[in-house]
> 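Here it is: the structure, laid out below.
This structure is a prediction, so every number in the text was calculated from the model and none was measured. No hydrogens, no waters, no symmetry mates; every other heavy atom, side chains included, goes into these values.
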Amino acid sequence: MKEYQPQEIELRWQKVWEEQGAFHADMDPARQKYYVLEMLPYPSGTLHMGHMRNYTIGDAVARFRRLRGYNVIHPMGWDSFGLPAENAAIERGIHPREWTNANIAEIKRACIRFGFSYDWRREISSCEPEYYRWNQWIFLRMLEKGLAYRKRSLVNWCPKCQTVQANEQVVNGCCWRHEDTPVEAKEIEQWFLRITQYADQLLDDFAPIEAGWPERVVAMQRNWIGKSTGARVRFALAGTLHKSVEVFTTRIDTIYGATAVILAPDHPLLSELLAGHAQQTALEAEARRLRQQGMRAADLETAEKEGFPTGRDAVNPFNGERLPIWVANFILSGYGTGAVMAVPAGDQRDFEFCKKYNLPIRVVVQPSGGPPIAVETMAEAFTGYGVSVNSGAYSGLTSEEAIRRMTADAVARGFGQSQTIFRLKDWGISRQRYWGTPIPVVHCAKCGIVAVPDADLPVLLPAQVAITARGRPPLETVPEFVNVKCPKCGEAARRETDTMDTFFDSSWYFYRYADPKNTRAPFDPQITRYWNPVDQYIGGITHAILHLMYARFFCKVMRDLGLLDHSEPFTRLFCQGMVLKGGTAMSKSKGNVVGALDMADSYGCDTARLYTLFAAPPEKDLEWNEQGIEGCWRFLQKAFRIVAGNCDWLRGAASAGTAFDLGAATEKEKALLRRAHQTLRRITSDYESRWHFNTCVALLMEMTNELQSAEPLEKNLHPLVARQVLEMFVLMLAPMAPHIAEEFWEMLGREGGIGSAAWPVFDQELAREEMVEVVLQVNGRVRGRLQVETGLGEEELVRRAMHDKKVAPWLDGKRVVKRIVVPDKLVNIVVA
RNA sequence: GCGGAAGUGGCGGAACUGGCAGACGCGCAGGACUUAGGAUCCUGUGGCCGAAAGGCCGUGGGGGUUCAACUCCCUCCUUCCGCACCA
């Protein structure tokens with residue numbers, strides 16, 4: 001008998017698949033499409049089971065959908081621009097392209113070795129001009145629409161990356177790549193994308209797809225966008241005629257309780273307010289200190305609220321009261337107007353600040369119901385809604401009503417307006433580094449910023465550049481790149497030397513997969529109309545905000561450009577858990593990496609794939625256990641022995657051609673058919689919707705155990721029964737362990753490969769149990785069990801239950817109060 | 001503080017709309033086959049009491065609803081993740 005030689009089997013089938021183009025998918029309007037996508041990887045050096053888990057899940061889904069008859073597109077490509085390549089280049093003295101392409105080759109080799117069913121004809125690599133020219137094209141369309149613009153502003157500068165990072169790329173005040181290095185505030189002129197213009201859509205468009213997304217991702221994005229509705233109110237500057245300071249508030253109803261106005265330390269009005277102050281210089285220095293403090297976001301939690309009075313007053317527009325204007329470290333210049341009205345009784349931060357500096361506190365909202373609040377005994381602010389008090393004509397109104405009326409009055413009297421603000425800010429995409437897409441504009445002394453004409457795209461990234469990490473764009477050092485003629489006036493001009501954030505590249509790549517070779521457009525809208533949106537996207541939670549929000553933004557922009565007819569790029573999103581070793585995520589630096597190719601060498605990739613699916617449900621973290629994988633290895637061994645031991649007689653019996661009469665089936669035959677169809681029912685729903693691959697594997701293990709106990713099959717089973725059961729088993733196994741499944745299929749004498757097979761058809765009749773075990777309870781406790789024929793009537797069930805010899809003693813001398821019957825499952829007799 | 005997820009044997013985890021808690025696998029124990037086994041097969045494996053039959057307890061703690069609760073409600077505790085002075 002043949003032995004299970006996974007490496008041999010796997011390499012053979014991988015070759016067959018490649019020769020047949022088994023995973024090539026082409027547009028076919030007659031067939032229903034299914035787009036499965038795993039987040040495209042950044043080709044860094046290390047490759048471990050953590051990566052492979054992501055692709056294994058996607059591959060199981062893709063292969064299952066193919067068996068179900070869908071036209072499945074399942075592409076793979078490379079997010080190949082980016083800093084690590086450039087840093088590696090600096091360290092090793094090789095070109096980023098060389099480093100990147102070597103890594104791509106390595107990952108691709110592993111993907112092929114794991115048998116992932118990608119359509120490699122659609123492979124893309126974002127560092128190739130064929131791809132990034134369309135980044136430039138899209139950028140120019142955004143420029144035309146006013147969605148890309150240039151502005152000077154404070155940005156997050158990572159000293160290690162020597163470049164700017166977007167707000168989304170700053171984690172705990174540090175760069176997402178260097179979590180131990182705080183970003184610095186730097187004022188710099190750079191390119192922004194107006195993502196804020198889509199803030200409302202980014203929130204609202206979740207509604208139809210939300211069910212298919214992990215809750216926490218939706219919650220995180222909502223949180224990040226941070227919509228807040230309130231009012232902008234203008235406070236006149238006391239002692240001036242027309243000067244004023246504006247605040248934003250969500251609680252205009254508490255304005256009678258305002259006892260100060262507080263500005264951010266870098267509020268633009270501050271220098272003017274301090275002009276002429278006796279301690280002007282000292283206070284300006286103090287403001288600078290507070291501002292620096294604000295940048296260290298990491299220790300904000302413990303940061304004490306600090307501030308100082310400017311000596312100037314503002315006038316409450318509602319009652320004319322003069323309020324001192326303060327400066328404080330906890331007011332953020334980038335949010336709202338960079339200034340607030342301090343209402344200590346109604347806001348905990350204001351409360352703490354006013355307590356510390358002995359500013360007055362005035363209660364203006366009383367909770368409706370419950371004891372009234374008194375200033376003297378107040379331990380914390382009351383931030384809830386209630387009833388307005390001490391608020392002039394508005395006293396007695398509910399908070400909601402007061403907000404409505406006071407906002408309306410502020411508008412009518414000309415010192416306020418209702419306003420919605422967002423925490424989300426525009427996306428800064430300029431990077432002062434080399435290995436990225438050149439931004440296709442020219443700076444002309446005469447014409448200003450001039451777009452590179454479409455006909456001149458791509459603006460090629462020069463190959464020969466001296467890359468050093470010194471904080472200036474490396475492209476500046478290439479005269480033949482920088483010095484150009486202005487496309488408009490023809491005079492000498494300078495080319496833009498910043499490159500794009502690589503998140504630009506990955507914001508639309510899933511459209512390019514649909515039409516990867518297009519030389520006239522990023523993609524043909526006719527083709528993306530068929531393939532997109534992505535039906536199932538799979539990737540790590542790390543991109544919950546970053547990539548996933550940018551991609552949603554791009555989708556909406558491209559829709560408005562007339563390129564797409566949908567508003568959301570990913571109908572369903574799945575975030576897989578990490579693979580851990582020793583409790584932490586695998587990483588080269590921690591030395592706890594389980595190499596993908598090592599696993600393929602020692603167990604074969606089918607076992608490795610099966611184990612990653614079996615050891616934990618896919619959304620949970622998975623602790624890699626060397627002993628655990630043995631179980632999957634044994635399972636495949638066992639399955640192999642069963643198929644190999646029976647394929648000869650089965651193939652011989654195939655020509656017999658007799659029909660099988662179910663009526664004449666033995667108990668063993670019926671039991672196996674029943675098991676097969678029951679397994680099919682459960683596994684189909686587990687593959688389709690629940691994604692509990694761990695239970696899929698468990699079900700197949702049970703089926704194998706049952707087959708094994710029916711050995712010798714030749715003696716115990718009619719060949720048609722054995723064949724049906726084995727073939728069902730093979731097809732159900734195929735999405736998870738595709739190579740051994742192909743081998744089985746062939747061993748069983750089936751031709752054309754699993755690619756031409758269809759998912760088995762469920763047979764209700766065969767799945768039906770003839771006998772069931774009914775649990776007998778007395779007062780809810782199990783006291784006995786009963787074998788009965790399926791569908792037995794309630795009356796009869798109760799009768800048999802009460803006469804059961806184990807149940808009867810518990811009923812003895814008791815009065816039966818109630819009888820509960822769940823047909824085919826349980827009888828519960830309640831006695832008193 | 002706000003938002004999200006989760007607490008089940010020695011371990012990873014099952015239990016679908018309230019109906020047998022612990023499927024499947026790992027590990028462990030015993031046995032079979034064997035020169036040998038780290039191969040394979042069989043049996044057992046939540047805790048306590050008991051020779052056994054059987055009984056009692058048991059899904060983070062406490063309370064509740066129900067004939068019946070891992071599942072629903074209240075409350076508390078713990079862990080993980082995200083955001084964090086957002087006005």
Side-chain angles (χ1 to χ4, degrees), chain A residues 171-173 214-224 226-228 230 247-251 254 262 264 294 297-298 300-305 328-332 334-343 346-350 352-353 383 421-424 541-542 544-545 610-611 614-617 619-632 634-635 637-638 641 682 685-686 689-690 692 694-705 708-709 711 773-785 806 817-822 824-831:
Chain A
V171 180
N172 283 328
E215 273 181 80
R216 55 182 170 152
V217 174
V218 176
M220 280 161 77
Q221 288 205 15
R222 288 225 166 95
N223 201 335
W224 185 264
K227 183 174 179 167
S228 180
V247 303
F248 174 78
T249 177
T250 55
R251 292 299 300 274
T254 64
I262 315 180
L300 276 179
E301 191 182 2
T302 49
E304 178 83 359
K305 288 180 179 48
N329 59 349
F330 70 100
I331 305 303
L332 308 170
Y335 186 76
T337 60
V340 302
M341 60 179 200
V343 183
D347 183 286
Q348 187 56 26
R349 295 154 301 175
D350 297 345
E352 287 166 24
F353 189 77
T383 57
I421 61 169
F422 295 92
R423 213 186 73 117
L424 179 70
I541 189 75
T542 31
I545 293 172
L610 211 58
Y611 177 65
F614 177 61
E619 70 278 8
K620 287 187 67 172
D621 286 350
L622 182 163
E623 173 70 32
W624 193 267
N625 178 339
E626 289 300 333
Q627 284 175 325
I629 196 170
E630 293 280 346
C632 289
R634 281 175 212 154
F635 161 60
Q637 285 276 11
K638 195 187 282 186
R641 273 194 304 274
R682 292 186 54 189
S685 93
D686 277 358
S689 43
R690 298 204 316 157
H692 282 191
N694 51 334
T695 59
C696 290
V697 179
L699 285 165
L700 294 176
M701 285 174 167
E702 287 183 70
M703 202 171 155
T704 311
N705 292 342
Q708 185 174 262
S709 64
E711 290 273 28
E773 189 182 77
V774 169
V775 172
L776 308 180
Q777 296 182 335
V778 178
N779 286 350
R781 316 203 58 144
V782 182
R783 298 301 179 190
R785 297 155 193 285
K806 286 196 178 142
V817 177
K818 207 170 180 181
R819 289 170 258 249
I820 289 107
V821 182
V822 183
D824 294 344
K825 274 211 167 133
L826 156 152
V827 177
N828 186 12
I829 296 160
V830 186
V831 294

> Would you measure the distance from the C1' atom in C2(B) across to the matching atom in G9(B) and give it in whole Å?
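Each nucleotide's C1' atom is 37 Å from the other's.
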
> Please work out if K227(A) contacts a base, only the sugar-phosphate, or nothing of the nucleic acid, heavy-atom cut-off 4.0 Å.
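K227(A): no heavy atom of the nucleic acid under 4.0 Å.
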
> With rounding to the nearest 0.5 Å, note down the distance linking CE in M341(A) to OG1 in T249(A).
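M341(A) atom CE to T249(A) atom OG1 measures 3.5 Å (nearest 0.5 Å).
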
> Name the pairs: protein N/O against N/O of nucleotides 57-59 of chain B, kept only if under 3.5 Å.
unit_1, atom_1, unit_2, atom_2, d
C57(B), OP2, R781(A), NH1, 3.0
C57(B), OP2, R781(A), NH2, 2.7

> Which whole number of Å gives the distance between the P atom of G3(B) and that of U8(B)?
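25 Å, rounded to whole Å.
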
> Can you tell me the distance, in whole Å, between the CZ atom of R783(A) and the C1' atom of A68(B)?
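These atoms are roughly 14 Å apart.
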
> Check every atom of A84(B), C85(B), A87(B) against the side chain of T250(A) and return the nucleotide holding the closest atom.
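Taking heavy atoms from C-beta onward, the closest nucleotide is A87(B).
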
> If we take the C1' atom in both G31(B) and C81(B), what is their distance in whole Å?
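Between the two C1' atoms, the distance is 48 Å.
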
> Once each nucleotide of nucleotides 13-32 of chain B is scored for protein heavy atoms under 4.0 Å, what B/S/- sequence comes out, 5' to 3'?
SSSB--BB--BBSSS-----

> Hunt down the Watson-Crick or G-U wobble partner of U66(B), both distances under 3.5 Å, from any strand shown, or write none.
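Base partner found: none.
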
> Quick one: closest heavy-atom pair of V831(A) and V817(A), and the distance?
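That closest heavy-atom pairing would be C-CG2, 4.0 Å.
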
> For the residue pair F635(A) and F614(A), establish whether any side-chain heavy-atom pair is separated by less than 4.5 Å.
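Side-chain contact under 4.5 Å: no.
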
> Could you let me know what G58(B) is paired to, Watson-Crick or G-U wobble, both distances under 3.5 Å, or none if it's on its own?
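Answer to the pairing question: none, since G58(B) forms no Watson-Crick or G-U pair.
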
> Under 3.5 Å for both donor-acceptor distances, Watson-Crick or wobble: does G3(B) have a partner, and if so which one?
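Partner of G3(B): C81(B).
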
> Do other residues, nucleotides or ligands put more than 12 heavy atoms under 6.0 Å from R682(A) CZ?
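Counting other residues, nucleotides and ligands, CZ of R682(A) stays at 12 neighbours or fewer.
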
> Could you check if the base of G9(B) is syn or anti? Syn means the glycosidic torsion is within 90 degrees of 0.
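The base of G9(B) is oriented syn (glycosidic angle within 90° of 0).
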
> Please report, rounded to the nearest Å, how far the C1' atom of C85(B) is from the CZ atom of R423(A).
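My rounded result for the distance is 12 Å.
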
> Which nucleotide, in any strand shown, forms a Watson-Crick or G-U wobble pair with A29(B), with both distances under 3.5 Å?
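Paired with A29(B), as far as the under-3.5 Å criterion goes, is U43(B).
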
> Give I262(A) one of three labels, base, sugar-phosphate or nothing, depending on what nucleic acid heavy atoms sit under 4.0 Å from its own.
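Counting heavy atoms under 4.0 Å across all strands, no contact is made by I262(A).
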
> Quickly work out the W224(A) CH2 to C86(B) C1' distance and round it to whole Å.
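Result: 12 Å.
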
> Using the P atoms only, state how far C80(B) lies from C42(B), rounded to an integer number of Å.
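Each nucleotide's P atom is 42 Å from the other's.
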
> Taking the P atom of each, how far is G38(B) from C49(B), in whole Å?
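It works out to 33 Å between them.
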
> Expressed as a whole number of angstroms, how long is the span from N223(A):CG to G82(B):P?
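Result: 13 Å.
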
> What's the separation between atom CZ in R349(A) and atom OG1 in T383(A), rounded to the nearest 0.5 Å?
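R349(A) CZ to T383(A) OG1: 10.0 Å, rounded to 0.5 Å.
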
> For I541(A) and C81(B), give me the distance from atom CD1 to atom C1', rounded to whole Å.
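To the nearest whole Å, that distance equals 8 Å.
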
> Return the set of residues passing side-chain hydrogen bond (donor to acceptor under 3.5 Å, both in side chains) with E619(A) (not counting sequence neighbours), or none when no residue passes.
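Residues passing side-chain hydrogen bond (donor to acceptor under 3.5 Å, both in side chains) with E619(A): none at all.
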
> What integer number of Å spans the C1' atoms of C20(B) and G12(B)?
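It comes out at 24 Å once rounded to the nearest Å.
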
> Distance check needed: U40(B) C1' versus E711(A) CD, whole Å only.
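These atoms are roughly 14 Å apart.
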
> Round to a whole Å and report the spacing from CD1 of I331(A) to P of A87(B).
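Going from I331(A) (CD1) to A87(B) (P), I get 11 Å.
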
> Do any side-chain nitrogens or oxygens of Q708(A) fall under 4.0 Å of OP1 or OP2 in C42(B)?
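For C42(B), OP1 or OP2 has a side-chain N or O of Q708(A) closer than 4.0 Å.
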
> Please determine if a side-chain N or O atom of K806(A) lies less than 4.0 Å away from the OP1 or OP2 oxygen of G54(B).
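Yes, within the criterion.
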
> Starting at NZ of K305(A) and ending at C1' of G1(B), how long is that distance when rounded to a whole Å?
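For the pair K305(A) NZ and G1(B) C1', the rounded distance is 11 Å.
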
> Given the P atoms of G58(B) and G47(B), what is the spacing between them in whole Å?
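Result for the P pair: 16 Å, nearest Å.
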
> So how far is it from I545(A) CD1 to W224(A) CH2, rounded to the nearest 0.5 Å?
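Rounded to the nearest 0.5 Å, the CD1-CH2 separation comes out at 5.5 Å.
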
> Do K818(A) and N828(A) have side-chain atoms, one donor and one acceptor, less than 3.5 Å apart?
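Per modelled atom types, K818(A) and N828(A) side chains form no pair under 3.5 Å.
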
> Tell me which of E352(A) and M220(A) sits closer to the 5' end of RNA chain B, going by the nucleotide each one is nearest to.
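With E352(A) and M220(A) compared, the 5'-side residue is M220(A).
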
> Hey, is the main chain of A544(A) close enough, under 3.5 Å, to the side chain of Q221(A) for a donor-acceptor pair?
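Yes, the answer is positive, given that a donor and an acceptor are paired below the 3.5 Å cut-off.
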
> Examine C41(B): is either OP1 or OP2 under 4.0 Å from a nitrogen or oxygen in the side chain of R641(A)? Give yes or no.
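Result: yes.
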
> Please give me the minimum heavy-atom distance between D350(A) and A342(A), naming the atom from each residue.
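It is OD2-CA, 3.4 Å.
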
> For G46(B) and G10(B), measure between their P atoms and round to the nearest Å.
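Going atom to atom, P in each nucleotide, I get 10 Å.
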
> What is the minimum heavy-atom distance between D824(A) and V774(A), and which atoms define it?
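Closest approach of D824(A) to V774(A), heavy atoms only: C-CG2, 3.9 Å.
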
> Working to the nearest 0.5 angstrom, can you tell me the gap between L699(A) CG and D686(A) CG?
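Going from CG on L699(A) over to CG on D686(A), the span is 6.5 Å.
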
